[in-house]
Amino acid sequence: MKTQDRYNQVTARFEQAMPVAETELHYDSPFQLLVAVILSAQCTDKRVNMVTPALFSAYPDADAMAAATADDLLRYIHSVSYPNSKSQHLAAMARMLVSDFGGVVPDNIDDLQRLPGVGRKTANVMAAVAFNLPAMPVDTHVFRVSNRIGLTRHSKTPLETERTLVAHIPPEKLSTAHHWLILHGRYVCQARKPKCDHCCISDLCVYHNSSEKSRKVKGGDA
Ligand code: SF4
């Protein structure tokens with residue numbers, strides 16, 4: 001199958017299977033989404049959603065959080081992964097938002113990446129989710145699932161995966177495609193045990209079809 005055909009068919013199937021695909025993080029503003037995304041690094045959205053209601057109630061916006069110390073924030077986020085460095089990043093990020101951006105989250109990748117605790121993936125999530133811009137954040141799920149399906153081949157870095165996906169998915173579908181790949185990786189194409197028997201794209205998947213083939217060869221029926 002030609003690569004672009006695989007993309008077209010996979011996105012059509014996902015569109016049918018997941019007509020509504022959005023982030024599972026809870027937030028009420030771009031600032032709160034940014035805080036939640038920083039907290040979600042190496043941590044589950046479920047865990048982040050458990051700590052953010054109290055955090056956002058105490059520090060609802062950049063001005064309020066900029067007045068807090070990292071220790072103040074740590075009390076609210078101690079149960080997420082890497083709480084010490086994340087509390088420092090959040091305090092510094094809020095201060096820079098206030099000092100350099102008038103307390104408003106910037107809507108472009110370059111400015112976003114200037115903020116403490118914000119790397120390319122987080123900046124892309126903000127662009128795609130908060131500002132509905134054509135961006136493809138690549139996390140561990142997107143990286144793994146794209147490779148298994150055959151949307152990328154032997155991609156070595158998230159940046160390589162991002163570039164390949166951006167080159168093949170129409171700009172207006174990128175943001176939703178990012179959610180499709182994450183949700184598919186979280187609930188179906190899981191890292192250790194992909195649920196291929198319940199997968200809506202198994203007939204299009206390179207990983208599944210090559211393991212099926214090798215199983216048949218080992219079983220002697222090919
Ligand atoms: S067929 Fe299996 S490996 Fe392929 S995308 Fe579906 S769950 Fe993942």
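Just follow the structure's listing: the first ligand is 1, and inside any ligand the first atom is 1.
Within the 4.5 Å cutoff, the side chain of Tyr207 has heavy atoms near those of the Pro194 side chain. A 4.5 Å side-chain heavy-atom check between Pro106 and Leu97 finds at least one atom pair inside the cut-off.
Both Val166 and Ile169 belong to a common hydrophobic cluster when Ile, Leu, Val, Met, Phe, Trp and Tyr are linked at side-chain heavy-atom distances under 4.5 angstrom.
Qualifying side-chain contact (heavy atoms from CB on, under 4.5 Å) partners for Pro116, counting only residues two or more places apart in sequence or in other chains: His89, Ala92, Met93, Met96. Annotation: side-chain contact (heavy atoms from CB on, under 4.5 Å) contacts of Thr23 (sequence neighbours excluded): Leu25, Tyr27, Val129, His179. With sequence neighbours excluded, the residues satisfying side-chain hydrogen bond (donor to acceptor under 3.5 Å, both in side chains) with Asp203 are Arg13.
Within the sub-2.8 Å shell of atom 6 (Fe) of ligand 1, the protein contributes these N/O/S atoms: Cys199 SG.
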